[in-house]
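Working notes, structure below.
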Amino acid sequence: MELKGRKQAFFSSLILLLIHLCPSCSEHKKVKNYTSLNADEVHVGVILDMRSWAGKISNSCISMAISDFYALNTHYKTRLVLHSRDSKGDPLRALTTVLNLMQNVDLQAIIWTEMTPTGAHILAEIGSKAKIPVISLYATLPSSLTSYSIQIDQDDEASQSQAKGIADLIRVFKWKHVILIYEDNTWGSDNIIPYLFDSLHDNDIDIARRITISMSSNPDDQVIEKLSMLKSSETKVFVVHISHALASHLFLNAKKQAMMSKGYSWIVTASTMNFLHSMDSSVVESSMQGVLGFKRYVPASKQLRNFTLKWKREMYLNNQNAEVSELDVHGILAYDTVWALAKASEKLKTEISNETCYYKQILNSRFTGLSGDFQLINGKLTSSRAFEIVNVIGKTVKIVGFWTPTTRITKEMNSSVFINKMDNISSSSPNGELEAIIWPGGSVAIPVGSGKINKLRVGVPVNGHIEFVHVVRDPQSVNATIIVEGFCVDVFKAAIESLTFEVPYEFIPFEDPNGRMAGSYNDLIDQVYFQKFDAVVGETTITANRSLYVDFTLPYTDMGIGMIVPTDRNNNMWIFLKPLKPNLWLTTAALFVLTGFVVWIIERPINDEFQGSRAHQFGMIFWYSFSTLVFSQREKLLSNWSKFVVIVWLFVVLILTSSYTATLTSMLTVQQIKLASRDNIGSQLGSFVPGALSNLNFKDSRLKKYNSAEEFANALSKGSKNGGISAIIDEIPYIKAFLGKYSADYTMIGPNYTTTSGFGFVFQKGSPLVHDISRAIAKLREEGTLRKIEIEWFNDQQSSFMHVDSTSNNPSSLSLTNFGGLFLITGISSTLALVAFLVSSIHKKTILLKKWRIEENSTSL
């Protein structure tokens with residue numbers, strides 16, 4: 001602090017000295033201003049740091065701007081004459097150079113490309129005194145200095161927009177705490193920082209710590225000290241607002257401190273990203289990989305594309321031994337600034353001049369340049385409010401998205417999508433509206449953001465069903481390492497791995513000193529409520545009462561309870577009669593006879609095959625109708641009425657035979673159970689089944705409780721008459737686990753009483769992981785991963801938690817009611833055909849009788 005005070009005192013003294021000297025210089029300028037501008041040449045001083053790539057880029061762009069402008073405007077009477085000077089990165093040398101130029105050259109404007117805010121402030125004071133416009137390309141000028149000062153760097157509104165963009169980006173990744181690092185000078189603290197404070201606060205983002213660093217004589221020592229202090233912090237998200245020169249020191253030392261590794265997040269402002277190509281490429285490649293940043297957006301245009309190609313060619317010719325850098329936004333702004341000065345100079349030739357005219361002409365500049373619309377308001381360039389969101393990869397950056405005040409964060413410019421939630425976050429970018437991001441350490445998973453990531457304490461039951469959770473200790477390890485496996489454990493691990501951020505965890509057995517379960521499942525869940533565990537993984541059933549104290553994820557098993565019975569295949573020799581009820585058998589037989597009779601009645605008068613002895617005709621009635629069962633009738637029908645009857649009847653026969661086959665097949669393959677009112681039923685010890693069955697008229701005296709699958713199988717093999725049980729009623733997951741072992745001898749039947757909500761993972765109330773794990777479970781279910789894990793543990797493709805048949809009762813026999821409509825159709829059809837045939841026959845006989853009588857009367861006459 002003492003050193004900082006001395007520096008400020010030194011520069012304050014220097015300002016007073018220069019202001020004292022400037023009046024004479026000012027008076028000298030008053031004489032020269034008018035006459036100079038009436039001449040063809042307009043002298044402009046340009047102060048550059050030619051040691052840096054930023055200075056070289058700006059110098060080349062300024063030179064090309066002069067040549068391009070006057071090549072296009074050959075008729076102009078004025079010419080800008082540039083007086084470029086190399087400051088060698090020394091602010092005091094730069095100021096001295098400016099004073100020398102003012103004494104020896106009739107300067108009309110000064111372009112200042114230095115980044116030092118103190119030097120820019122002093123020069124602004126000098127320009128105001130000498131009435132010479134000072135254009136600052138990089139450094140931010142104080143708002144109080146409006147006279148003769150022009151700021152090309154981003155204005156207040158752009159700074160405010162960038163602050164909102166950073167807050168939006170942090171909110172998208174659900175980071176709640178950040179560490180703010182900014183440069184210890186007026187540029188660092190007065191530029192974007194106040195807006196950043198407000199934006200973060202508005203989005204409920206806490207600034208865990210604020211760290212300032214300065215570009216001192218030995219910045220590395222200061223940076224190492226601050227980083228060592230931050231390394232122990234739990235917050236691992238850093239927002240950095242420093243110059244690109246200081247950024248090199250920061251990230252080099254952050255790399256050495258292992259703070260550019262997996263789990264860390266770095267977001268830098270445009271003050272660094274705009275000059276990334278000016279930084280040492282080896283520093284960028286080795287120490288800044290995975291950094292996110294904001295970069296001023298420059299709209300693409302054909303003019304800009306052509307200029308970029310031309311600029312690269314010029315840079316290569318002038319710097320053949322150096323790696324050609326990329327054109328940065330400040331080089332483009334330098335180009336447009338020279339065009340603005342050249343246009344203002346020409347306009348001034350045709351207007352009445354006074355001592356402030358040139359400055360006013362510059363302020364009135366309006367044109368479309370390489371950077372877009374060039375317009376100055378209150379001495380500041382109206383910067384674009386849009387920013388590129390970039391990711392440092394290799395030696396350069398990749399654009400992963402954009403931010404604008406209207407659309408906020410989008411994947412493409414002019415998109416109307418606004419990221420405001422994380423409901424469908426991908427593994428490395430939110431909502432699919434950002435390109436894939438490579439984070440520090442080469443990770444594609446979004447860092448958690450909270451620093452010293454505390455491991456999730458996950459309680460697991462012991463001495464339970466080993467298919468679900470099995471806790472063993474490795475005897476070969478020194479500390480008896482705990483190994484936890486099982487279906488529930490694998491589902492939990494798969495859900496954690498599918499998250500887009502890291503969640504370290506450890507399994508802690510819920511056991512007493514003897515290695516047995518330290519209580520019931522309710523006691524285990526209570527440990528989450530008392531915050532001794534962060535979560536529980538096991539056969540934890542979701543219930544309304546438990547949900548009052550803890551949060552459950554979505555169930556990863558089926559909901560409800562079912563029943564297991566011994567396999568009982570029906571061996572009845574008369575089972576082939578069961579598909580149809582007696583009334584249906586009798587009705588069907590009657591219709592067979594009716595159909596045969598109707599066909600015989602119609603065909604007998606005209607068809608020889610239906611004639612003959614009475615026994616033959618009687619047999620034909622039954623033969624023809626019953627042969628339609630196998631569609632083997634060979635008799636040719638001659639009457640259309642009989643053909644109509646047979647067509648309808650064949651349709652009925654087809655339906656009957658298909659239904660009979662399907663029902664008989666079901667009866668031969670589906671297992672059945674008939675529980676008597678006195679049969680015993682088994683359930684899981686400590687299960688919720690007795691309470692769930694209280695509303696289903698099951699008496700407690702019939703329920704017997706067991707603790708293992710072996711005990712269940714033994715009790716079922718005995719049966720109720722021998723002191724065992726006739727069935728098991730339990731939750732679906734336990735039933736499927738049992739069938740995984742004994743599927744050959746037992747089966748599950750319905751109905752499936754949906755009175756429980758399945759198994760879910762337990763978390764503390766309000767835990768943000770509940771939503772994320774639930775979404776992960778849903779994703780695992782959709783992708784089939786949950787199904788694969790189940791098959792791996794239970795070895796039964798049909799015992800699926802996700803595909804439970806809720807009803808597998810004995811198929812009921814078919815009754816007359818099922819085919820009433822069909823029989824009605826065939827009965828009506830046969831009756832109509834018979835009536836039509838009889839009416840037709842009677843009509844024909846009546847006609848014949850009349851003819852016979854007429855002929856008989858004629859003969860008698």
Side-chain angles (χ1 to χ4, degrees), residues 140 143 151 153-213 230 233 235-243 247 264-274 291-297 380 382-391 399-411 413 415-422 425 429-431 433-434 437 446-451:
T140 304
S143 56
Q151 180 179 313
D153 194 20
Q154 66 181 28
D155 58 5
D156 292 342
E157 290 187 11
S159 297
Q160 188 175 12
S161 295
Q162 186 179 185
K164 290 180 180 179
I166 292 172
D168 282 346
L169 187 65
I170 294 171
R171 184 168 57 88
V172 159
F173 294 121
K174 289 188 175 180
W175 296 325
K176 294 297 183 182
H177 307 278
V178 298
I179 293 175
L180 186 57
I181 302 175
Y182 56 95
E183 198 158 344
D184 187 13
N185 53 35
T186 54
W187 169 82
S189 59
D190 295 341
N191 188 6
I192 191 179
I193 297 302
Y195 300 117
L196 200 51
F197 287 162
D198 293 339
S199 296
L200 294 176
H201 179 267
D202 292 342
N203 287 276
D204 295 325
I205 299 169
D206 175 53
I207 301 177
R209 302 195 70 172
R210 290 182 287 178
I211 301 297
T212 60
I213 54 179
L230 295 176
S233 173
T235 303
K236 303 297 182 184
V237 181
F238 301 92
V239 178
V240 181
H241 176 62
I242 56 178
S243 64
Y264 285 87
S265 308
W266 294 82
I267 301 175
V268 301
T269 62
S271 60
T272 297
M273 278 301 175
N274 285 343
V291 171
L292 277 182
F294 279 67
K295 193 175 179 183
R296 182 168 176 164
Y297 172 73
K380 295 182 179 181
T382 54
S383 305
S384 170
R385 305 293 180 266
F387 291 89
E388 298 173 355
I389 303 174
V390 296
N391 185 202
I399 299 176
V400 297
F402 299 88
W403 187 95
T404 68
T406 53
T407 60
R408 313 307 280 260
I409 295 178
T410 60
K411 190 174 183 179
M413 204 54 172
S415 172
S416 60
V417 179
F418 171 29
I419 299 178
N420 55 4
K421 295 181 180 178
M422 287 289 286
I425 185 167
S429 63
N431 252 6
E433 291 304 329
L434 287 177
I437 296 172
I446 300 172
V448 177
S450 54

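Nothing here was measured: the structure is a model prediction, and the numbers come from that model. One-based numbering along the sequence shown.
In this pair, Tyr182 and Phe197 present their aromatic rings perpendicular. The plane angle is above 60°, beyond the 30 to 60° band.
In this structure, CD on Gln160 lies 8.0 Å from CG on Asp198, to the nearest 0.5 angstrom. Atom-to-atom distance recorded for Ile399:CD1 and Glu388:CD is 3.5 Å, nearest 0.5 angstrom. Note that CD1 of Ile437 is 7.0 Å distant from CD1 of Ile446, once rounded to the nearest 0.5 Å. We find the OG-OH distance between Ser161 and Tyr195 to be 10.0 Å, quoted to the nearest 0.5 Å. A distance of 10.5 Å separates NE2 of His177 from CD1 of Ile205, quoted to the nearest 0.5 Å. Atom NZ of Lys176 is separated from atom CZ of Arg171 by 9.0 Å, given to the nearest 0.5 angstrom.
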task = Apply side chain to side chain contact (heavy atoms under 4.5 Å, CB included) to Leu434 and Thr410, showing your working.
result = CA-CA 7 Å; Leu434 287 177; Thr410 60; over 6 Å; no
request  = Give the intermediate values and the outcome of side chain to side chain contact (heavy atoms under 4.5 Å, CB included) for residues Phe294 and Met273.
outcome  = CA-CA 6 Å; Phe294 279 67; Met273 278 301 175; over 6 Å; no
task = For Ile193 and Leu180, run side chain to side chain contact (heavy atoms under 4.5 Å, CB included): C-alpha distance rounded to whole Å, both residues' side-chain angles, the deciding distance at 0.1 Å, then the answer.
result = CA-CA 9 Å; Ile193 297 302; Leu180 186 57; 4.2 Å; yes
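Without hydrogens or angle criteria, Trp175 side chain to Lys236 main chain gives no donor-acceptor distance under 3.5 Å. Using a distance-only test at 3.5 Å, with no hydrogens or angles considered, no donor-acceptor pair links the side chain of Thr235 to the main chain of Ala208. Remark: side-chain polar atoms of Thr404 are not paired, donor with acceptor, to backbone N or O of Ile409 under 3.5 angstrom.
Arg296 and Asn274 share no donor-acceptor pair across their side chains, judged by distance under 3.5 Å alone. In this model, a donor atom of one side chain and an acceptor atom of the other lie less than 3.5 Å apart for His241 and Thr269. A donor-acceptor pair shorter than 3.5 Å can be found between the side chains of Ser243 and Glu183.
Of the options Val178, Asn203, Leu196, a side-chain contact (heavy atoms from CB on, under 4.5 Å) to Ile166 is made by Leu196 and by none of the others. Applying side-chain contact (heavy atoms from CB on, under 4.5 Å) to Val268 and the options Val291, Val390, Leu292 leaves one that passes, Val291.
In this structure, the ring of Phe402 has its center no less than 6.0 angstrom from the ring center of Phe387.
At least one side-chain heavy atom of Val240 sits less than 4.5 Å from a side-chain heavy atom of Trp266. Side-chain contact between Ile170 and Leu200 is present, with at least one heavy-atom pair separated by less than 4.5 Å. Side chains of Leu230 and Ile179 form a contact here, defined as non-hydrogen atoms less than 4.5 Å apart. No side-chain heavy atom of Ile267 sits less than 4.5 Å from a side-chain heavy atom of Phe238.
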